[in-house]
Amino acid sequence: MKLPKIYEPGLYENDIYALWERAEAFKPSGKGDPYTIVMPPPNANGNLHIGHELTAALEDIAARYHRLKGDNTLLLPGADHAGFETQSVYEKHLAKEGKSRFDFSREELYRQIWDFVALNRDNFEMQMRRMGVSCDWSRFTFTLDDKIVKTAYHTFKKMWDEGRIYRGERLVNFCTFHGTAFADIEVVYKEEKSKLWYLKYPLTDGSGEIIVATTRPETMFGDTAVAVHPNDQTYAKYIGKTVKLPLTKREIPVIADDFVDPQFGTGAVKITPAHDQNDYDAGQRHDLPKITVIHTDGTLNDEVPEAYRGMPVLEARERVAKDLKEQGILEKTEDYAHNVGHCYKCNTVIQPLLREQWFVDMQPLARDAIKVLKADKIKFYPDAKKDQLVTYLEGLRDWNISRQIAWGIPIPAFQNVDDPDDWIYDERVGEELITIGDKTYHRDPDVFDTWFSSSSWPYATLGYPDSDDFKTFYPTGLMETGGEILYPWVSRMVMLGLYVTGDIPFKEVYIHGYVMAEDGSKMSKSVGNVVDPLPVIEQYGSDALRMGIISGRSPAVNRGYDTRKVEEARNFANKLWNVARFIEDIVGDEFSGKGSCKPQTAADHWMLRELQRTDELISSHLDEYRFSEAYDVLYHFVWDDFADWYIEASKSAPNKALLAYALENILKLAHPFAPFVTETIWQTLAWEGNSILAKASWPEKSRYDDGEADIFNEIKAIVMETRFITTALRVQGATLYYTNVSFLTDNAELITRLARLNAVTEVTDGTGLYLTSTKYRSWLDIDADTARGYQKQLGEKRDAQEQVIKRLEGRLANKSYVDNAPKKVVDETKQQLEDAKGQLEALTKEYERFGTE
RNA sequence: GGGUGAUUAGCUCAGUUGGCUAGAGCAUCUCGUUUACACCGAGAGGGUCGGGGGUUCGAGUCCCUCAUCACCCACCA
């Protein structure tokens, strides 16, 4: 079969993927050691972006590599319902039609979002295929699938029974726009310019006043104390007294608490337990009442004087300040910049509000997780992420797992309609009311935080607890993910994995960096600098995008998307294509098999040695997830060693069987990095019949003779020096003379061709320009006048060589170096010195032959 | 305020536990249509590895310090 000159990926990729699927190439083989990657499920609500390409590429390279190595490899795909994320996307969609979530019941909204997501799922699966992901589609899991919900319920029940879960009124981060609470980690703090208001709170007994500084005057209606530092002399006399709250005349105590900073503001602070975390904590310590004054929609409620009711927070703030000023309560205002929490999705200011929510007691879970992390049970790439995770776990607070949205897994808890403290666990979440005996229970309308259910992902997808998959593939091998979900997800998978299964969920964690825009800035839809992978795949090919995106990338380091890398990779795919074209042409269609694959020439031995070296390097890099380094090794072996030297050399003495052998092994080594083009080529190999590269096995060890391989390095040196000289002097068609070197006799034709010479001829005594890069005696027959033009280069080379010798001699003269450095290093230095001296001698002799300037 | 990472060629970045004359791709310059490939081949130029100090026989690599940048965590009213 004759291949076209240029590899056009678009002509083959879809057929190749279909071929793999038909052959069930991505199903675990059932043989070998298990190697599992449960893919982090992308959100099912939109298009995949270039970041998904990176993550898919890394996971797929690891999976294909392990599959070829003979491991029982499972790459398990999935999609995430992404609770709040998806609902807010859908709400934007509704807004375009002039609707909002309030137009529908929760059940109706859930159904609509389900359909909306279903539409996108086909799209998403198509994109994964275009990226060449070798996942087992038959095991595809959606985060709302039964087995995931069941596992979430199982976990919730277990925690419930063991008292790891409690329902409590706590301050939660509440978005008044979205109407839901968030975890701490979902709140984004931004610096905002504001004011500090100084308010006079008069003592009830008329003995004076205390001035408090606040950024939120509107919350004063919820104040239940004024706090000062216990050692602050200014206020010592007021502690235990009460002040009268302006506007409402409510009396509140003056308390002492050492969380107050005497240096800040006036050293006195108003305490609003229902609307500030620090105040809440202080309130707990002093047993203060908690008065909520802000409604979940962000307006003031009926706890405040009538004039302010229904007013949005910001408006109320201005109004309160104005009224206080008029009444002479406002001492002064100062400009002030501070950090304010915002909704990460809509940027609304987060209100700390008191809500009844389900909380998970994190202390014991975190403690167990820290234990396994510190014992290095899970290997992290890069390693530093492990310590960061430990630090995070050490400061972990209890986890609010309730969300007030429709799109999610309903919490299987019901409340006795007659007894608010009577909660029961029940999975009949399809019903709003259930009766048990003579009691009626009302379903908790909330759903789980997405991370609660997705933290069971590694074992829930495998069918915990009884399935064969779970028994075979758990704990999984690699968890490959981005740094942004190290805390919310990776940490929780470790904790819940340990808690539920008693074992770690994965043995290795690889954290990738982000793909930034080409200018290094963050990609974002609103800026419009997001790179869509599909057009890139259309233009350059899936392999090119894959290799281009992993090339030069280190774990956990953000780097810009670089078209040049993709072009480079496209060219590399084309190089592979043309290597195959050449070899298939030489080998011919009638070639029947590897047959007697014996190295004949020095080049053959050398190539096999490089191939073997490449195999070992790629393996050791990929074993440690150094994707970029592995790709780099492959690239340079194929291009520099194999194509530029071996193929060129083989034109003098083609070894058909060996060329076929080399091509086959190159395709195997390259397959994880360029699955499409390598499989496309494989399918054209007449001698391979109907086999499939994706199901093949990693190369066997190559055998070669070191001495023969060394000879080819000698040939290379002679060729390179000859090229350098003839280019510098612009001479063509020179002859290489040599005396009594058998390998030059054997390879005369080869050297003639590679170095563009007229001939390589044995003589008894040479004339012309003596070659200095080899210890074998050889000359280029360049006439003395022309050769003189080379004197300058010779001089430079001589000077450089003298420097090298000086440095090496200095090193060896240093007694502590010889004594302390490893013997291997010292021996190397000695050998280098010897070589350098030999070269210097030749250079000097040659240089002086031209006389002094 | 605390933490992490980065700073290496014109650009984007490698450089695995300290050990050859610090590398790659792209860009630049000079040649070249040699029947696998111009998405090509041959050759060349280009870096005192952010500044300073230290440890060591030896530092791009380890330590201290300064500078600049990025990100993460906490959030004092």
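Below, chains carry the letters A, B, ... as their sequence lines are ordered, and counting in each starts from 1.
Relative ring orientation between A:Tyr631 and A:Phe673 is described as tilted, the plane-to-plane angle lying within the 30° to 60° band. The aromatic rings of A:Tyr635 and A:Phe572 sit tilted relative to each other, their planes meeting at an angle between 30° and 60°. Using the six-membered ring where Trp is involved, A:Tyr381 and A:Tyr625 have ring planes that are perpendicular, over 60° apart on the 30 and 60° scheme.
One C1' atom belongs to B:U8, the other to B:U48, and the distance between them is 12 Å to the nearest Å. Comparing B:G46 with B:C39, their C1' atoms are spaced 26 Å from each other, to the whole Å. B:A67 and B:A44 have their P atoms separated by 44 Å, given to the nearest Å. Distance noted for atom C1' between B:A74 and B:A22: 41 Å (whole Å). Comparing the same atom, C1', in B:G15 and in B:G47 gives a spacing of 14 Å after rounding to whole Å. Distance noted for atom P between B:G23 and B:G2: 41 Å (whole Å). Nucleotides B:C13 and B:C57 place their P atoms 37 Å apart, quoted to the nearest Å. If you take atom P in B:G18 and the same atom in B:G58, they sit 15 Å apart, rounded to whole Å.
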Using a 4.0 Å cut-off on protein heavy atoms (strictly under), produce a 5'-to-3' string for nucleotides 13-28 of chain B with B for base contact, S for backbone-only sugar-phosphate contact, and - for none. SSSB--BBS--SBB--
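Of the side-chain N and O atoms in A:Lys575, one or more sit less than 4.0 angstrom from OP1 or OP2 of B:G41.
Checked by atom type and distance alone, the side chain of A:His342 pairs as donor or acceptor with a backbone atom of A:Val340 at under 3.5 Å. The closest donor-acceptor contact from the side chain of A:Asp223 to the backbone of A:Lys270 lies at 3.5 Å or more, if one exists at all. Under a 3.5 Å cut-off, the side chain of A:Asp632 and the backbone N or O of A:Ser551 do not form any donor-acceptor pair.
Of the candidate nucleotides B:C76, B:C72, B:G43, B:C76 has the atom lying nearest to any side-chain atom of A:Asp276. Closest to the side chain of A:Arg730, from the set B:C75, B:U30, B:A77, is B:U30.
Between A:Tyr392 atom OH and B:U4 atom C1' there is a gap of 17 Å when expressed in whole angstrom units. Rounded to an integer number of Å, the gap from CD of A:Glu648 to C1' of B:C37 is 10 Å. For the pair A:Lys385 NZ and B:C73 C1', the computed distance is 12 Å after rounding to whole Å. Atoms OH (A:Tyr487) and P (B:C73) sit 7 Å apart, rounded to a whole Å. The distance between atom CG of A:Leu389 and atom C1' of B:C73, rounded to the nearest whole Å, is 13 Å. Across the protein-nucleic acid pair, A:Lys195 atom NZ and B:A77 atom P stand 16 Å apart, rounded to whole Å. If you take CG of A:Asn278 and P of B:A74, they are 13 Å apart, rounded to a whole angstrom. In this entry the distance linking NZ of A:Lys651 with P of B:C37 reads 8 Å, nearest Å.
Taking a pair to require two hydrogen-bonding distances under 3.5 Å in either a Watson-Crick or a G-U wobble arrangement, B:C75 remains unpaired. Pairing of B:C62, defined by two Watson-Crick or G-U wobble distances under 3.5 Å, is identified with B:G54. Under the Watson-Crick or G-U wobble criterion, with both distances below 3.5 Å, B:A42 is paired with B:U30. When Watson-Crick and G-U wobble pairs are counted only if both distances are under 3.5 Å, B:U48 pairs with no nucleotide at all. With a 3.5 Å ceiling on both atom-pair distances, the Watson-Crick or G-U wobble partner of B:A6 is B:U68. Nucleotide B:A36: unpaired (no Watson-Crick or G-U wobble partner with both distances less than 3.5 Å). Remark: B:A24 base-pairs with B:U12; criterion is Watson-Crick or G-U wobble with both hydrogen-bond distances under 3.5 Å.
Taking 4.0 Å as the cut-off between side-chain N and carboxylate O, A:Lys379 and A:Glu624 do not count as a salt-bridged pair. Looking at A:Lys806 and A:Glu802, no side-chain N of the basic residue comes within less than 4.0 Å of a carboxylate O on the acidic one, giving no salt bridge.
Among the protein residues, A:Val260 comes within range of the nucleic acid bases, having at least one heavy atom under 4.0 Å from a base atom. Among the heavy atoms of the strands lying under 4.0 Å from A:Ala643 is at least one base atom, whether or not backbone atoms are also near. Heavy atoms of A:Asn339 sit under 4.0 angstrom from at least one base atom. Residue A:Trp639 is classed as a sugar-phosphate contact, given heavy-atom separations below 4.0 Å to backbone atoms only. Residue A:Asp819 is out of contact with every strand shown, counting any heavy-atom pair closer than 4.0 Å. No contact: A:Leu486 has no heavy atom under 4.0 Å from any strand. Residue contacts shown for A:Tyr189 include a base, since a base heavy atom lies under 4.0 Å away.
Between A:Tyr514 and A:Arg397, the one whose closest nucleotide on RNA chain B sits nearer the 5' end is A:Tyr514.
Among the candidates A:Leu769, A:Leu780, A:Ile725, A:Ile782, the single residue satisfying the side-chain contact (heavy atoms from CB on, under 4.5 Å) test with A:Val731 is A:Ile782.
If you check distances only, the side chain of A:Asn574 never reaches the base of B:C37 with a donor-acceptor pair under 3.5 Å. Interface remark: the A:Lys5 side chain does not form any donor-acceptor pair with the B:C37 base, using a distance-only criterion of under 3.5 Å. Under 3.5 Å, the side chain of A:Arg570 and the base of B:C39 form at least one donor-acceptor pair of N or O atoms.
Atom CD of A:Gln732 has 12 or fewer heavy atoms from other residues, nucleotides or ligands within 6.0 Å.
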